[in-house]
2 protein chains.
Amino acid sequence: MNTAADLKKAGLKSTVPRLKILEVLESAPVRHLSAEDVYKKLLEMDLEIGLATVYRVLTQFEGVGLVIRHSFEGGRSVFELDDEGHHDHMLCLECGEVFEFFDKVIEERQKQVSKEVGFVLEDHSLYMYGVCEGMKTSGKCSMKKKKRG
Amino acid sequence: MNTAADLKKAGLKSTVPRLKILEVLESAPVRHLSAEDVYKKLLEMDLEIGLATVYRVLTQFEGVGLVIRHSFEGGRSVFELDDEGHHDHMLCLECGEVFEFFDKVIEERQKQVSKEVGFVLEDHSLYMYGVCEGMKTSGKCSMKKKKRG
DNA sequence: ATGTATGCAAAACATTTGCACCTGG
DNA sequence: CCAGGTGCAAATGTTTTGCATACAT
């Protein structure tokens, strides 16, 4: 895939920081990254991109729909490439891993409930916190990973 | 109800700041308050209680299950008295109002989905963002407030 | 060229913490 | 009296912003 084209399509000028940040998001083994995570990955790639720029770029990406920003518990935001369909998240409190899932019934009920009370639903976030099976038994996370992350 | 007793039952010494903060949470017309909100309410009551104390007390209350802390979008936490059963939230992006709802089907599906992938669900947060009907029409919020529907 | 993007440092917030003092039981 | 609670100020951690410089078109 051509990241430069993605940027142009989104109406953003193609610059080194933007291209590299997009690259990090696309290639990272973990899908959900904080601004700091992205910043560190860039440093590892010997790129001197300021943390402020990382924040600015991620916020722009969010604005044009390239990434999704999550506010998981604990204050800091995490960003995820918006390249697959909508899904919700499970967060393991033991290993910190983030799993994705999608449930048609839950999605439908949300629309239904909204309609019943006259609420125009635009967006939602569902985070389920718990412990993945692997942590309970072997002490390491073995829950089947869905997609990257 | 007797707030002093609530504190004692929770294993917390009954002090003026704690009693007053509990009082604010119980009597506020809006159920969901940030630490700053609580702090301001206290000032209005001519109580000189430091913001740091408000944070400490709210965190203790959360620890003993007297309040629930939410991380809605936008960084700051909001606190809600934990005096009714579990429910989820709808947030109006126009008027800022917070509505509560409960849907058995959604709750059940969450458990089901968790079980299917071997996830021990401990907690969850579902926030639905949108616009309440009143805002769309009259410009003011008129959605019927449903406490656990 | 020229308007936009970036880097750096400083600012802005939300929240926490250290410490001396005060308070409730 | 004494452990624990509180106030204040300073520290933290995250995200934003001002401004001079660098860059893409």
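Chain identifiers are assigned alphabetically (A, B, ...) following the order of the sequence lines, protein sequences preceding nucleic acid strands; residue numbering begins at 1 within each chain.
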For dT16(C), take OP1 and OP2 only and decide whether either is under 4.0 Å from a side-chain N or O of Y55(B).
-> no

Of dT25(D), dG5(D), dT16(D), the nucleotide closest to the side chain of S14(A) is dT25(D)

Is there a donor in the side chain of D6(B) and an acceptor in the side chain of T3(B), or the other way round, less than 3.5 Å apart?
-> no

Distance check: side-chain N/O of T15(A) vs OP1/OP2 of dA5(C), anything under 4.0 Å?
-> no

From CZ of R76(B) across to P of dT15(C) the rounded distance in Å is 8 Å

Taken to the nearest whole Å, CZ/F79(B) to P/dA14(C) is 13 Å

Rounded to the nearest angstrom, tell me the gap between atom CG in L19(B) and atom P in dG5(D).
-> 13 Å

Does a donor on one side chain sit under 3.5 Å from an acceptor on the other, for R69(A) and T59(A)?
-> yes

Per K13(B) side chain, nearest of listed nucleotides dT6(C), dG25(C), dC8(C) = dG25(C)

Phosphate-side-chain proximity, R56(B) and dT16(C), N/O vs OP1/OP2 below 4.0 Å | no

Look at the side chain of T53(B) and decide which nucleotide, out of dT16(D), dG7(D), dT6(C), has an atom nearest to it.
-> dG7(D)

Just by distance, with hydrogens left out, do H124(A) and H86(A) show a side-chain donor and acceptor under 3.5 Å apart?
-> yes

Between K8(B) and S77(B), just flag the one whose closest nucleotide in DNA chain C comes earlier from the 5' side.
-> S77(B)

Starting from the 5' end of DNA chain D, give me the residue, I49(B) or V16(A), whose nearest nucleotide shows up first.
-> I49(B)

How about H87(B) and E107(B): does a side-chain donor come under 3.5 Å of a side-chain acceptor?
-> no

Could you state the atom-to-atom distance from CG of L7(B) to P of dG24(C) in whole Å?
-> 13 Å

The side chain of P17(B) lies closest to which of these nucleotides: dT6(D), dT15(D), dT16(D)?
-> dT6(D)

Paired and unpaired positions of DNA chain D as dot-bracket, Watson-Crick or G-U wobble under 3.5 Å, | denoting a partner strand | |||||||||||||||||||||||||

